[in-house]
Amino acid sequence: ITMTDNSGFFRGNGSTSKTVSIVTGTYDLNYNGSNPIGTVGNPIGNELPSSTTALGDFTISNTAATLNKNITVNGALVLASGSLDAGTHTLTLEGDLVSNTTGTFNLATLIFDGTTTISGTQPLTFQGFTVNSGRTLNLGPLVGNATNINITGNITNNGTITGGISNVTFNGNTTLT
């Protein structure tokens with residue numbers, strides 16, 4: 001399967017066994033199905049790129065997804081409905097994080113490597129995270145509803161972190177470096 005720049009890949013139920021390649025640029029991925037994705041019977045396939053430059057927006061809708069590898073999301077990570085479990089993998093975000101459903105990041109390595117605003121109605125829990133040099137993390141939108149964030153681990157800030165409209169709770173021994 002060859003993806004072109006700004007194209008989209010929509011995965012419902014079933015699996016992808018063919019290699020997905022991209023000519024140039026990024027493509028968007030939407031997981032939307034009634035069966036969980038990332039389980040033994042329904043594994044994440046080749047549609048989730050290993051390349052750090054191929055994945056644009058990544059949306060989870062109406063399904064439970066469990067990552068099986070490190071990924072870089074160059075666009076927005078949208079948790080619309082269902083759930084996303086990052087497991088123990090590294091998740092690098094270059095765009096916004098919209099959380100309107102469950103996102104499990106308490107074992108993952110989370111890296112913010114762009115300009116990211118966290119928003120949405122569902123509280124998030126992070127084990128900790130890193131903001132890379134020259135990058136910005138807004139812990140909530142500038143207007144609208146407050147975002148609830150729980151941080152249980154350490155924060156490495158090499159960039160800029162702003163509060164926005166957010167309620168941040170530190171649960172544990174958090175070190176900010």
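Residue numbers run from 1 in the order of the sequence given. Below, each value reflects all heavy atoms present in this structure, side chains not excepted, and no hydrogens, waters or symmetry copies. Just so you know, these numbers come straight off a predicted model, no measurement behind them.
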Common cluster, F170/V131, ILVMFWY with side-chain heavy-atom separation under 4.5 Å: yes
Under 3.5 Å donor-acceptor, N154 side chain and G128 backbone: no
Side chain to side chain contact (heavy atoms under 4.5 Å, CB included) evaluation trace for F129 with I161: CA-CA 11 Å; F129 55 82; I161 299 174; 4.0 Å; yes
D96 side chain near S119 side chain, heavy-atom distance below 4.5 Å: no
Side chain proximity check, T90 to T92, heavy atoms < 4.5 angstrom: yes
T147 vs P141 side-chain heavy atoms within contact, under 4.5 Å: yes
Rounded distance [0.5 Å steps], OG1 in T26 versus CG in D5: 5.5 Å
CG/L142: more than 12 non-hydrogen atoms of other groups inside 6.0 Å: no
Heavy-atom closest contact (K69 atom, L48 atom, distance): NZ-O, 2.6 Å
Side chain to side chain, Q122 and N100, heavy atoms closer than 4.5 Å: no
Under 3.5 Å donor-acceptor, N150 side chain and T125 backbone: no
Parallel, tilted or perpendicular, as decided by the 30° and 60° cut-offs, for the rings of F105 and F126: tilted
Minimum side-chain heavy-atom gap I71-H89 below 4.5 Å: no
Remaining members of the apolar cluster that contains V98, side-chain heavy atoms under 4.5 Å: V78
Flag if over 12 foreign heavy atoms under 6.0 Å of CG, N145: no
Within 6.0 Å of CG in N171, more than 12 heavy atoms from elsewhere: yes
Closest heavy-atom pair and its distance - E94, T116: C-OG1, 4.2 Å
